[in-house]
Amino acid sequence: MEKIVHTTVSTNGINMHVASIGSGPPILFLHGFPDLWYSWRHQLLSLSALGYRAIAPDLRGYGDSDAPPSLESYTVLHLVGDLVGLLDSLGLDRVFLVGHDWGAIVAWWLCLIRPDRVNALVNTSVAFSPRNPAVKPVDGFRALFGDDYYICRFQERGEIEEDFAQAGAKKLITKFLTSRNPRPPCIPKALGFRGLPDPPSLPDWLTEQDIDYYAEKFSQKGFTGGLNYYRAMNLSWELTAPWTGAQIKVPVKFMVGDLDVTYHIPGVKEYIHEGGIKKQVPFLQEVVVLEGVGHFLQQEKPEEITAHIHDFFKKF
């Protein structure tokens with residue numbers, strides 16, 4: 001880990017913290033919520049050893065990157081703009097791309113808006129969801145799962161931050177990373193995230209040192225930046241109307257754990273396995289479902305995920 005180089009890059013009006021290692025064809029890794037560049041620590045080391053330049057930023061609002069206070073500063077257009085500026089600052093015309101969770105959503109949109117900057121994509125956890133011109137995303141989740149669904153609860157500015165503060169960063173991070181319940185995460189307001197039971201002992205793929213790193217960064221920065229991604233979802237929907245019906249036109253490999261909550265959203269399995277996603281992502285080449293694996297697959301099965309990434313990118 002000490003070989004990883006940490007720098008700060010100015011991009012799209014913010015300062016972005018970037019972790020990188022190695023030389024060769026560049027791979028850009030995008031993390032999700034509640035996560036950091038650190039979620040790719042294993043892949044940075046292993047893929048740099050395989051001859052790649054591995055690059056993992058703290059996305060806007062996270063870790064050691066700037067966190068603008070306004071939720072309107074967290075649309076997918078801002079997030080894609082950050083990455084285009086990052087590539088320009090690093091002197092990179094094109095990259096291989098890997099995303100997870102929110103990072104997967106941003107990766108889909110980078111490929112949709114600027115396919116000229118991406119050689120190929122390995123995306124994980126969140127399948128590409130075409131823009132539905134009739135339903136705003138938060139409204140759709142509310143209709144499907146009710147007001148207690150976590151994305152709907154995250155809309156409550158200030159209230160959720162207070163709830164998270166009472167729970168404590170260490171407990172929250174541990175709970176999020178170790179959860180293996182594939183059912184929709186619904187948290188009644190009376191219970192709150194602070195009322196969630198203490199997590200069990202850590203799995204063998206996660207250490208106290210890992211949890212402490214996450215907890216320290218989120219204790220310093222808070223969770224508002226990450227929560228604002230969810231709060232800007234409907235605004236992003238409004239701003240991305242021009243891309244309604246557009247397809248992802250880069251080579252893609254998609255991976256998900258069979259215990260991932262995203263895989264169990266009604267209709268998602270059918271969409272992935274019965275050709276729906278192929279219509280939206282015509283250059284989709286592989287779909288991998290990892291058995292017995294939860295949401296944070298790149299940390300739970302680091303060697304396996306590295307092998308899948310390497311096997312796909314070496315084709316190009």
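When reading the values below, keep in mind they use all heavy atoms of this one structure, side chains included, and skip hydrogens, waters and symmetry mates.
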State the CD1-CG distance between Ile211 and Leu172, to the nearest 0.5 angstrom.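 Here the rounded value is 11.0 Å.
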Is Val126 reachable from Leu144 through a run of hydrophobic residues whose side-chain heavy atoms are each under 4.5 Å from the next?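 Linked within one cluster.
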Is it true that Leu71 and Leu79 fall in one hydrophobic cluster, defined by side-chain heavy atoms closer than 4.5 Å?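 In one cluster with Leu71: Leu79, no.
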Please state whether the rings of Phe29 and Trp40 are parallel, tilted or perpendicular, taking 30° and 60° as the class boundaries.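 Tilted, since the angle between the ring planes falls between 30° and 60°.
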Hey, can you tell me if Phe316 and Phe96 have their rings parallel, tilted or perpendicular (30° and 60° cut-offs)?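 Tilted: the ring planes of Phe316 and Phe96 meet at 30° to 60°.
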Does the ring center of [X] lie less than 6.0 Å from the ring center of [Y]?
| X | Y | value |
| --- | --- | --- |
| Tyr229 | Phe33 | no |
| Phe176 | Phe296 | no |
| Phe154 | Phe223 | no |
| Trp102 | His31 | no |

For [range], which residue pairs pass the salt bridge (Lys or Arg N to Asp or Glu O under 4.0 Å) check, not counting sequence neighbours?
| range | answer |
| --- | --- |
| residues 58-70 | Arg60-Asp82, Asp64-Lys217 |
| residues 262-271 | none |
| residues 11-39 | none |
| residues 298-308 | Arg180-Glu300 |

[X] side chain near [Y] side chain, heavy-atom distance below 4.5 Å:
| X | Y | answer |
| --- | --- | --- |
| Glu72 | His78 | no |
| Ser236 | Leu77 | no |
| Ile248 | Gln280 | no |
| Val252 | Phe128 | no |
| Ile309 | Leu47 | yes |
| Leu59 | Ser65 | no |
| Tyr213 | Ile173 | no |
| Val18 | Ile55 | yes |

Exercise: identify the closest heavy-atom pair between [X] and [Y]:
| X | Y | answer |
| --- | --- | --- |
| Gly292 | Asp258 | N-OD1, 2.7 Å |
| Trp237 | Asn132 | NE1-O, 2.8 Å |
| Ser48 | Gly22 | CB-CA, 3.9 Å |
| Pro25 | Tyr52 | O-CD2, 3.3 Å |
| Ala107 | Gly99 | CB-CA, 4.4 Å |
| Gly158 | Arg231 | N-NH2, 4.2 Å |

When you look at Glu161 and Lys221, which way does the salt bridge (Lys or Arg N to Asp or Glu O under 4.0 Å) test go after all the steps? CA-CA 12 Å; Glu161 280 88 341; Lys221 181 78 70 177; over 6 Å; no
Anything under 3.5 Å between a donor and an acceptor, one on a side chain of residues 282-291, the other on a protein residue two or more places apart or in another chain? List them.
residue: Glu286; atom: OE1; partner: Lys253; partner atom: NZ; Å: 3.4
residue: Glu286; atom: OE2; partner: Lys315; partner atom: NZ; Å: 2.9

For the backbone of Gly63 and the side chain of Trp37, can you confirm whether one donor and one acceptor N or O come within less than 3.5 Å of each other?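 Pair absent, no side-chain N/O of Trp37 close to backbone of Gly63.
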Does any N or O in the side chain of Gln43 come within less than 3.5 Å of the main-chain N or O of Gln298, such that one atom is a donor and the other an acceptor?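 Yes; judged by distance alone, with no hydrogens or angles, the pair exists.
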I want to check a possible cation-pi pair here: Arg131 against Trp243, using under 6.0 Å from ring centre and within 45° of the ring axis as the test.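 No - Arg131 does not lie over the ring of Trp243 by the 6.0 Å and 45° rule.
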Filter on ring pair (Phe, Tyr, Trp, His ring centres under 6.0 Å), then keep only pairs touching residues 244-264, sequence neighbours left out; what's left?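 Checked against ring pair (Phe, Tyr, Trp, His ring centres under 6.0 Å) - neighbours excluded - the pairs reaching residues 244-264 are Tyr263-His273.
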Taking only residues two or more places apart in sequence or in another chain, which ones pass side-chain contact (heavy atoms from CB on, under 4.5 Å) with Arg142?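 By the side-chain contact (heavy atoms from CB on, under 4.5 Å) rule, Arg142 matches Val138, Asp147, Cys152, Gln155.
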For Ser125, all residues meeting side-chain contact (heavy atoms from CB on, under 4.5 Å), sequence neighbours excluded: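 Result, side-chain contact (heavy atoms from CB on, under 4.5 Å) vs Ser125: His100, Asp260, Thr262, His295.
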Name all residues meeting the side-chain hydrogen bond (donor to acceptor under 3.5 Å, both in side chains) criterion together with Arg157; count only those two or more places apart in sequence or in a different chain, and write none if there are none.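 Partners of Arg157 by the side-chain hydrogen bond (donor to acceptor under 3.5 Å, both in side chains) criterion come out as none, since no residue qualifies.
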Quiz question: by atom type and distance under 3.5 Å, do the side chains of Thr207 and Gln209 form a donor-acceptor pair?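 Looking only at side-chain atoms, Gln209 and Thr207 do not form any donor-acceptor pair under 3.5 Å.
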Have Asn15 and Thr8 got a donor and an acceptor in their side chains that come within less than 3.5 Å?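 Side chains of Asn15 and Thr8: no pair found under 3.5 Å.
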Any ion pair linking Lys279 and Glu274 (charged N to carboxylate O, less than 4.0 Å)?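 Salt bridge between Glu274 and Lys279, a charged N being under 4.0 Å from a carboxylate O: no.
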Lys3: which residues meet the salt bridge (Lys or Arg N to Asp or Glu O under 4.0 Å) condition with it, sequence neighbours left out?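 Checked Lys3 against salt bridge (Lys or Arg N to Asp or Glu O under 4.0 Å); zero matches.
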I'd like a table of donor-acceptor pairs (distance under 3.5 Å, sequence neighbours excluded) in which one partner is a side-chain atom from residues 110-121, with atom names and distances.
residue: Arg114; atom: NE; partner: Asp116; partner atom: OD1; Å: 2.9
residue: Arg114; atom: NH2; partner: Asp116; partner atom: OD2; Å: 2.8
residue: Arg117; atom: NE; partner: Asp93; partner atom: O; Å: 2.7
residue: Arg117; atom: NH1; partner: Asp88; partner atom: OD1; Å: 3.1
residue: Arg117; atom: NH2; partner: Asp88; partner atom: OD1; Å: 2.9
residue: Arg117; atom: NH2; partner: Leu92; partner atom: O; Å: 2.8
residue: Asn119; atom: OD1; partner: Arg94; partner atom: NE; Å: 2.8

Under the side-chain contact (heavy atoms from CB on, under 4.5 Å) test against Tyr74, which residue among Thr224, Asn228, Leu227 passes?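 The residue from Thr224, Asn228, Leu227 that satisfies side-chain contact (heavy atoms from CB on, under 4.5 Å) with Tyr74 turns out to be Asn228.
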Intermediate values then yes/no, salt bridge (Lys or Arg N to Asp or Glu O under 4.0 Å), Asp212 and Lys170: CA-CA 7 Å; Asp212 288 342; Lys170 190 167 185 176; 3.1 Å; yes
Using a 3.5 Å cut-off and no angle test, enumerate the donor-acceptor pairs between side-chain atoms of residues 183-196 and protein atoms at least two apart in sequence or in another chain.
residue: Arg183; atom: NE; partner: Asn181; partner atom: OD1; Å: 3.2
residue: Arg194; atom: NH1; partner: Asp163; partner atom: OD1; Å: 3.3

